[in-house]
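Structure first, then comments.
Each residue takes its place number in the sequence, starting with 1. Bear in mind the structure is a predicted one, so any value in this text is a computation, not a measurement.
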Amino acid sequence: GAVEFGARGVGLSVRQVQHVVRAEYGTTPLGLLRELRLDEAHRRLRAASPVEHTVAGIAHECGITHLGRFAQAYRQRHGRSPAQTLAGR
């Protein structure tokens, strides 16, 4: 997968990458990727016009494919729904 590819690219084993990410960020490589995607979606939703953009479109642009899980994780991380953020509420 992506972690294996990335690990080989920097000369580390998958386990070493997992260890470094856990030590630096307190999560797994996949968890870090999710957090980065949620934060990017948050930035884009805040900057977007609700007339010109949709939550689904922005989520898709950020590599998010499951909208239900996205909405739940987004609310946990940012304290409100993606739709509320897009609407400026």
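Taking all atoms of both residues into account, the shortest heavy-atom contact from P82 to V55 is CB-CG1, 3.6 Å.
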Output a table of donor-acceptor pairs, distance under 3.5 Å, between side-chain atoms of residues 62-72 and any protein atom two or more places apart or on a different chain; print 'none' if there are none.
unit_1	atom_1	unit_2	atom_2	d
H66	ND1	G68	N	3.4
H66	ND1	R69	N	3.0

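Remark: A48 engages H53, I58, L86 in a side-chain contact (heavy atoms from CB on, under 4.5 Å) (not counting sequence neighbours). For R77, the salt bridge (Lys or Arg N to Asp or Glu O under 4.0 Å) partners two or more places apart in sequence, or in a different chain, are D39. Take R44 and apply the side chain to side chain donor-acceptor pair (under 3.5 Å) test, not counting sequence neighbours, and it matches E40, E61.
Judged purely by atom type and a 3.5 angstrom limit, Q76 has no side-chain atom pairing as donor or acceptor with the backbone of A73.
Classification of the H42-H78 ring pair by plane angle, with boundaries at 30° and 60°, yields parallel.
Residue pairs meeting the salt bridge (charged side-chain N to carboxylate O under 4.0 Å, His left out) criterion with at least one partner in residues 26-35, sequence neighbours excluded, are absent. Among residue pairs with one or both ends in residues 22-32, none qualify as side-chain hydrogen bond (donor to acceptor under 3.5 Å, both in side chains); sequence neighbours excluded.
V14 is not connected to V20 by any chain of hydrophobic side-chain contacts under 4.5 Å among Ile, Leu, Val, Met, Phe, Trp and Tyr, and they are in different clusters.
The CZ atom of R43 sits 10.5 Å away from atom CG of L38, with the distance rounded to the nearest 0.5 Å.
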